[in-house]
Each structure stands twice: as C-alpha cells, then as structure tokens.
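Report on the following structure.
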Amino acid sequence: MAKDKLTDYDSTASNNTDVGGISVAEGMLPSGVNNAMRELMSHQADAFGAGTPLYVDQTNNRLGVGNAAPTVPLDVTGAAAISGDLTVDTDTLYVDSTNNRVGVGTASPSSGLTIASQDIRTTFSGADDVNSLILEGSNGSSEKYTFELQADGANTATKFLIGSAGGAATERLRIDSSGDILAKTIDARIGSDVGSVEYGTSTANSVRFYTSNAERMRINSSGSLIINSTSTDYSEKLKVEAAGAAYTFHSVQNSTNSQGHIVFSNANGAVGTIFTNGTSTSYNTSSDYRLKENVVADWDATTRLKQLNPVRFNFIADAATTVDGFLAHEVQDIVPEAISGTKDAMRDEQYEVTSAVFDDDGNVVTPAVMGTRSVPDYQGIDQSKLVPLLVKTIQELEARIAALETA
C-alpha cells in the first residue's frame, strides 16, 4: 500500500518501501530517491508546517495544535477531546472518566465536582447587577430549579435569587452593606449593630411566630407582644390568651425567702410589687412615709362611710351567682382613689374582620383584614382602698362607745 502521510509509515524500517507511491526499495535509481525525498518533505510540511493542525516550534520548544504560533509549551486552538482520565500535576486537576467526576486539589473526587482545600472565587466588573454564581438543576422534565448569587455594581448588597418550575429566578434574600439580612419580600430584617442582634421588619407589618402552621405569637406594629391571639383589646403592650390552659402565668422563685415576682413602676419609680415567702403572697403598693406629706389623722370617716351604698347583685355574664359589692360610679365621689375609669366611657377596639389565608408552606396569601369598633370602657374598683375608711370609722365608733360607757 502506498504511504501518503507520516502516520502510514511502519515503525519497522524494512516495511516502508515507498513514499507517496514512489519505490524506495534498496537499489532504486537516484532520481527515484530525489522524488521520494521531495514527496516525504511535502508530507512533513502538511503535518508540521504553518497553518496545519500540528506545528512544532523547535526554536522555542513549543507545540501548537491548530495553531502555527504557539505561545506556551502546548498551545491548543479549537476543541480538544480526551478519552480516559486526565491528570494535571497529580491532583491540581483530575478527571475521573469512569465515574464522570472532576477533582480540584484531589485525585479522588467524591461527587460531580469536588474542590479540596480551595476557595471558589468569581470576579465581575461593571455598574449593573452581575450573577457571580448560578446553580441550576432539573427534575428530568420541564421543571427547573435555579439558585443565583448576585452582586450589584454599586457594592451595596448581595442578593440571593431562587426560581422554580421553569420561571425566572426571583430575589428571596438580600444582605445589604450594613450587614442587615432582608428576607423574602424585602420586609424582614436580621442584623447586628454594636454587639446587638436584630430581627424584625422594616415596615408597619407585624412579626409573627408559628408552630404546626398556626400563629402562636406576634409583635405588632405598635410594639405589643400578643400570645395566642392576633389583636389587642386595650392597646395593651402584653396580651396572653390562655386558651383553656390551667394557668395563664406561672412565676417561680426557687427560694422560700421573701422574693419578688413582679414590680410595677411609672415615671415616679416603683409603686407596687408582688412578693412570695415560704407560704404566702404579698400584694404591695407604695406606702413609705418618706413618700408622703400633709399627713393628718383628724378627719370624719363615719360621715363618708354612711354615703357608701353596699348592694347585692349578679354580673350579666354570671347570672347564677349573687355577690356583695358596690357600683363603681357611686363610690367614685366618696373614695375616688378606689375607682378606675369614668362612668359611661367608651373606647376604640381593633378586631379581626377576616382572618389571614395561608398556603401550604405557611406563607400569607391574603392578609388579615382589621377593623375598629367602639365598645364600653368599663369602670373598676380596688376595694382594698376602702380599708382606711373602714378602720377610721371603727375607731370613731369605738370612741363614741367608750364615751357612752363612761358617762
């Protein structure tokens, strides 16, 4: 067979008997040798010459594949195909063709891409948002799941985008330049400022906590903490709805000595406390003499006491129980410190017109609709405030009885 290119030649010299069909057998004519040499040189130029698939730069010890001007020891232009494993400097880069795995820094990749003891870094330039990392997967059908890490050109935020079901990725999480984490609808905030840890919302929405896909606690836009409910009744800052529990609050002090459980304060300081000792509870209001002035004991208690109108009644909500007591507005003119509120007062109350609607993941699909209504603002009585009047009246009666006995 005529040998028309270098790869046609045999490694055994005696098997190479022609060049391009020209006999090079022993004893051939010189003209045949010349023609054969020219033929061989042309084949060599085809294989190693400029502009050919393979070029050897002997001066610089470089090899170009599809490149007649190699600039590195091996300079490949165009596509390259390698069958079998690929090893670069033992473990700098390793391709495991058997398991279809690639290792960087390891010759034993355990997954599709294994990077050992290396950082992953991407760089970008420009003023627009740039995707620094995109991870995309599919369930084998048309559905596609995408995770994107994106940095904005203004260097103010890092954004995390997630897409599914073939849709475009949507921003779900952002870390801004101050370190705050803004989640989902860019309405929540997690951050740190001078050692503190923050979690909350940057808008007038409430912060809500769920278990078993049901709301258990919220902090509303007014700063009220609400447990087992969704709204306040008196604009209170703490509301706990017991929902059938045996106790609403349980305060424990691990000592039988006198221990405080609750302290009540206002702008003047502490004005009341609840204490326990080994066997009892004390409900205390401020009474230190150093807090008082214009102290007198010469006043008529009996006349005031006779103005009180003790009555018997039942509460509308408990018709079967009759009790002794007072009507608050009647006591108010006699012992005003015992009464809270004003007769026939009304107040505004916020209430939930329609409840919020949630999807299967607990996300709010339709927010709750809140309304405001006017309701009675009932008066109250602290009957302990009547004790001084009762004691003084008894003392006055005792004095009159003693005077009659000695008359």
Side-chain angles (χ1 to χ4, degrees), residues 233-240 247-318 321-347 375-407:
D233 298 315
Y234 302 92
S235 298
E236 63 271 26
K237 289 303 179 183
L238 173 62
K239 176 184 177 181
V240 180
Y247 299 96
T248 301
F249 295 102
H250 183 192
S251 177
V252 179
Q253 284 279 12
N254 293 323
S255 173
T256 57
N257 296 326
S258 180
Q259 298 288 327
H261 287 254
I262 298 177
V263 59
F264 302 94
S265 301
N266 59 25
N268 293 325
V271 295
T273 58
I274 298 178
F275 269 72
T276 59
N277 56 29
T279 57
S280 64
T281 302
S282 298
Y283 302 89
N284 310 300
T285 187
S286 54
S287 187
D288 193 285
Y289 77 95
R290 292 167 294 182
L291 299 171
K292 305 172 183 179
E293 62 181 5
N294 301 319
V295 178
V296 295
D298 184 15
W299 53 283
D300 181 6
T302 303
T303 299
R304 290 175 59 198
L305 181 70
K306 289 192 292 184
Q307 297 177 49
L308 293 177
N309 180 34
V311 294
R312 287 179 61 78
F313 57 89
N314 65 266
F315 284 96
I316 296 174
D318 188 9
T321 303
T322 301
V323 296
D324 303 325
F326 301 91
L327 301 179
H329 71 278
E330 293 182 349
V331 178
Q332 192 163 29
D333 291 335
I334 304 164
V335 190
E337 64 269 25
I339 305 302
S340 63
T342 304
K343 183 176 182 293
D344 297 324
M346 302 293 290
R347 63 180 177 84
V375 297
D377 189 7
Y378 297 113
Q379 286 187 283
I381 185 171
D382 179 0
Q383 298 190 77
S384 67
K385 294 294 194 298
L386 301 178
V387 172
L389 183 64
L390 297 176
V391 172
K392 185 67 166 59
T393 299
I394 292 173
Q395 290 175 340
E396 292 173 357
L397 292 175
E398 176 65 23
R400 287 199 290 271
I401 293 171
L404 290 174
E405 290 177 342
T406 59

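- Under the 3.5 Å distance criterion, the side-chain polar atoms of Lys392 are left unmatched by any main-chain donor or acceptor of Thr302.
- A donor atom on one side chain and an acceptor atom on the other are found under 3.5 Å apart for Asp382 and Ser384.
- Heavy atoms from other residues, nucleotides or ligands lying under 6.0 Å from CG of Asp298 number 12 at most.
- Under the rule for a side chain to side chain contact (heavy atoms under 4.5 Å, CB included), the partners of Ser258 that lie at least two apart in sequence or sit in another chain are Phe275.
- Every residue was checked against the ring-ring contact (aromatic ring centres under 6.0 Å, His included) condition with Phe264, not counting sequence neighbours, and none meets it.
- With hydrogens and angles ignored, the 3.5 Å screen pairs a side-chain donor or acceptor of Arg304 with a backbone N or O of Ile334.
- The two residues Ser286 and Ala270 make their nearest non-hydrogen contact at CB-O, 4.4 Å.
- The side-chain heavy atoms of Asn277 and Thr256, taken from C-beta on, include no pair separated by under 4.5 Å.
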Can you list the steps and then say if Ser235 with Arg347 is a side chain to side chain contact (heavy atoms under 4.5 Å, CB included)?
-> CA-CA 10 Å; Ser235 298; Arg347 63 180 177 84; over 6 Å; no

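- For Gly380 against Ala328, the heavy-atom pair with the smallest separation is O-CB, 4.3 Å.
- Using modelled atom types, one side-chain atom of Glu236 and one backbone atom of Asp233 make a donor-acceptor pair closer than 3.5 Å.
- Among Leu386, Val335, Ile339, the one residue that satisfies the side chain to side chain contact (heavy atoms under 4.5 Å, CB included) test with Phe326 is Leu386.
- Residues passing the side chain to side chain donor-acceptor pair (under 3.5 Å) test with His261 are Ser251, Thr276, sequence neighbours excluded.
- Asp300 is listed as a side-chain neighbour of Glu396, based on a closest heavy-atom distance under 4.5 Å.
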Residue pair Phe313, Phe315: steps toward the ring pair (Phe, Tyr, Trp, His ring centres under 6.0 Å) verdict | CA-CA 7 Å; Phe313 57 89; Phe315 284 96; 5.5 Å; yes

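- A distance-only check finds a donor-acceptor pair linking the side chain of Gln253 to the backbone of Gly260 [under 3.5 Å].
- Within the 4.5 Å cutoff, no side-chain heavy atoms of Val375 are placed close to those of Asp377.
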